[in-house]
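First the structure, in the form of structure tokens, and then the observations on it.
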Protein chains: 2
Amino acid sequence: MEEKGISQAVIGRLPRYFRYLGELKDEGVERISSQELSELMKVTASQIRQDFNNFGGFGQQGYGYNVEYLYQEIGKILGLDRTHRFIIIGAGNLGQALGGYLNFERRGFIFSGMFDKNPALVGKEVRGIRVQPMEEMEQFIRENDVDIAVLTIPKTGAVEVAERLVNNGIRAIWNFAHVDLNVPEGIQVESVHLSDSLMKLSYNINRYLQESGQ
Amino acid sequence: MEEKGISQAVIGRLPRYFRYLGELKDEGVERISSQELSELMKVTASQIRQDFNNFGGFGQQGYGYNVEYLYQEIGKILGLDRTHRFIIIGAGNLGQALGGYLNFERRGFIFSGMFDKNPALVGKEVRGIRVQPMEEMEQFIRENDVDIAVLTIPKTGAVEVAERLVNNGIRAIWNFAHVDLNVPEGIQVESVHLSDSLMKLSYNINRYLQESGQ
DNA sequence: AAAAATATGTCAATGAATTAGCAGAAAATG
DNA sequence: CATTTTCTGCTAATTCATTGACATATTTTT
């Protein structure tokens, strides 16, 4: 299983495959062909085969793919066979929502700390984790082998906090602040720009109204 | 300004242009060239010009682009010159977080209702909006000219709720549930699959570890 | 007011991603 | 156990997206 230069287009589709395969597995489905999966997921069968072949091919001619095996393999590719400890910076509603997701835990993402600069939130508990003041963040990262920091703070401050995170050994940032973070080579950033997403929706509403005549 | 068959790749970049132009405007910058903008945003100048030209061209040779004008025009393309009323289905932390974002209001997205099936949450207020029971959803949509429904409920139930929304005249769904919604032609769906995003991050962490030798 | 510099819009070239097609391996059938 | 069917892995073709190059319009400089 060699992985070199897999495009982000492919990576971006893997979680969706993983989700569908997990559901099939739970339904007791043992095997599936690219054809069947393509109908279910509404993508071409060719794309499915091509995507999987990036990682060496998990199927067998005349049989198809074994659901359980394929599920496991994609999980491995996505790194879900390891555990990743994460902390949340910003204990507002969004931070609390993400801290509360039990599904993340199931995939090996362990919620281990939460920080906020607002004294009113410090001390509050989210799923057994006590919100700590921002001053304690650096030490906590160094002492607790934290991989991922989730940034759920307003954009003012996000750049500065990101820098502090990186300086203390964070490998990855899941960024919900509405700014682009510039981090050194080797630090992974995945941004979720909610307002961008909403604007895309807005565009498509408008487009449809225009195309179908006001 | 003719728009036909603009690719989603282009649309996906518009909100980011809009964000940068808004910041430049606030800083008092009057004009900018594709070259300068490309350095700021870390994309090629050619792509910027190509993207804008999909909509007819907003610049002038020898001058560049007027920041204020370009900002306005992209806003119009994204439909931000109109107002859209939205409701939130699911008054958990995520729903509350989205209801609380003042920035959406600034862009013309008006938070007008919130619903939850949990009686413990009904009656609670989020930014002046009272959480109503699910049973009142249909009538509210019909009587209040609601464009967008934000789905912040668990995946069980999301498909059924989506159907109810569509049957009562919703045009667009901003979907945070971890399922793919199948809606009729003409209904817009924009999904934010948070766990997919986290898995991509996980993949990239792993990849880097492997490439740089364990 | 002429010359030099700037910077767009557009076309062409390249590169990336998706889809189509098919040889051949395995499974199912009779 | 031979024949037919199924279905992958792979290569080739096609489509889509990005980048490069340049003619030309506008601005700035001298």
Side-chain angles (χ1 to χ4, degrees), chain A residues 1-17 20-21 24 29-74 77 200 203 207, chain B residues 1-17 20-21 24 29-74 77 200 203 207:
Chain A
M1 190 213 296
E2 37 152 358
E3 311 167 29
K4 49 171 180 179
I6 312 291
S7 80
Q8 288 293 312
V10 174
I11 304 311
R13 285 191 292 266
L14 292 183
R16 186 152 179 266
Y17 291 131
Y20 274 84
L21 289 165
L24 287 166
V29 179
E30 259 186 29
R31 58 184 264 193
I32 195 162
S33 68
S34 58
Q35 181 60 44
E36 292 168 298
L37 193 56
S38 86
E39 281 156 22
L40 197 61
M41 296 185 62
K42 298 185 175 132
V43 295
T44 64
S46 193
Q47 178 163 79
I48 291 175
R49 295 204 296 279
Q50 201 75 299
D51 281 350
F52 294 167
N53 262 85
N54 278 295
F55 305 96
F58 303 120
Q60 197 159 46
Q61 286 161 324
Y63 175 88
Y65 299 89
N66 178 284
V67 171
E68 171 77 35
Y69 173 70
L70 186 53
Y71 176 80
Q72 294 297 336
E73 289 302 310
I74 294 179
I77 293 166
K200 268 197 282 177
Y203 172 86
R207 184 185 52 108
Chain B
M1 192 213 295
E2 37 153 0
E3 311 168 28
K4 50 172 177 178
I6 311 292
S7 80
Q8 287 292 313
V10 174
I11 306 310
R13 286 192 290 265
L14 292 183
R16 186 152 179 265
Y17 290 131
Y20 274 84
L21 288 166
L24 287 167
V29 178
E30 260 186 28
R31 59 184 262 195
I32 195 162
S33 69
S34 58
Q35 181 61 42
E36 291 168 299
L37 193 56
S38 86
E39 281 157 23
L40 197 60
M41 295 185 64
K42 299 188 175 128
V43 295
T44 63
S46 195
Q47 178 163 80
I48 292 174
R49 295 203 297 277
Q50 200 76 296
D51 282 349
F52 294 167
N53 263 85
N54 278 294
F55 305 96
F58 304 120
Q60 197 159 45
Q61 287 160 323
Y63 175 89
Y65 299 90
N66 178 284
V67 171
E68 172 78 36
Y69 175 69
L70 186 54
Y71 175 81
Q72 294 295 338
E73 289 303 310
I74 294 179
I77 292 166
K200 267 197 282 176
Y203 172 86
R207 183 185 53 109

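Here the structure is a predicted model, which means the values were calculated and not measured. Here is the naming used below: chain letters follow the sequence lines, and residue numbers restart at 1 for every chain. Reckoned from all heavy atoms, side chains included, excluding hydrogens, waters and symmetry mates.
Between Phe58(A) and Leu70(A), the closest heavy-atom pair is CD1-CD1, 3.5 Å. When all heavy atoms of Glu30(A) and Tyr63(A) are compared, the closest pair comes out as O-OH, 4.4 Å. Across Phe52(B) and Tyr17(B), no two heavy atoms sit closer than the pair CE2-CD1, 3.7 Å. The two residues Val67(A) and Ile32(A) come nearest to each other via the heavy atoms CG2-CG2, 4.0 Å. Of all heavy-atom pairs spanning Ala45(B) and Ser34(B), the tightest one is CB-O, 3.7 Å.
Atom CG of Leu40(B) is separated from atom CD of Gln35(B) by 12.0 Å, given to the nearest 0.5 angstrom. Remark: Leu14(B) CG to Glu73(B) CD distance equals 12.0 Å, nearest 0.5 Å.
Across residues 30-38 of chain A, Arg31(A) each have a non-hydrogen atom less than 4.0 Å from an atom of DNA chain C (numbered order).
As a whole-Å value, the separation of Leu70(B) CG from dT8(C) C1' is 13 Å. If you take CG of Asn53(A) and P of dT18(C), they are 15 Å apart, rounded to a whole angstrom. In this structure, Asp51(B) atom CG and dT10(C) atom P are separated by 14 Å, rounded to whole Å. Distance Phe58(B) CZ to dA7(C) C1': 17 Å, rounded to the nearest Å. Atom CD1 in Ile11(B) sits about 16 Å away from atom P in dC16(D), given to the nearest Å. Counting to the nearest Å, the P atom of dG20(D) and the CD1 atom of Ile48(B) are 13 Å from each other.
Contact annotation for Tyr65(A): backbone-only contact, meaning every heavy-atom pair under 4.0 Å involves sugar-phosphate atoms and none involves a base.
Between Ser46(A) and Tyr63(A), the one whose closest nucleotide on DNA chain C sits nearer the 5' end is Ser46(A). Each of Gln60(A) and Val10(A) was matched to the nucleotide of DNA chain C holding its nearest heavy atom; the match closer to the 5' end belongs to Val10(A).
Among residues two or more places apart in sequence or in another chain, the side-chain contact (heavy atoms from CB on, under 4.5 Å) test is passed with Val43(A) by Arg16(A), Met41(A), Gln47(A), Ile48(A). Applying the side-chain contact (heavy atoms from CB on, under 4.5 Å) rule to Val10(B) yields the partners Ile6(B), Ser7(B), Arg13(B), Asp51(B), Asn54(B), Phe55(B); only residues at least two apart in sequence or on another chain are considered.
Note on residues 35-48 of chain A: no pairs pass salt bridge (Lys or Arg N to Asp or Glu O under 4.0 Å), not counting sequence neighbours.
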Quick one: which protein N/O atoms are closer than 3.5 Å to N/O atoms of nucleotides 22-24 of chain D? Pair and distance per line, please.
residue	atom	partner	partner atom	Å
dT24(D)	O2	Gln61(B)	NE2	3.0

- Between Arg49(A) and Tyr65(A), is a side-chain contact (heavy atoms from CB on, under 4.5 Å) present by the stated rule, with each step listed? CA-CA 10 Å; Arg49(A) 295 204 296 279; Tyr65(A) 299 89; 3.7 Å; yes
- Message: Please encode protein proximity along nucleotides 12-17 of chain C as a string of B, S and -, counting only heavy-atom distances under 4.0 Å.
- Response: B----S
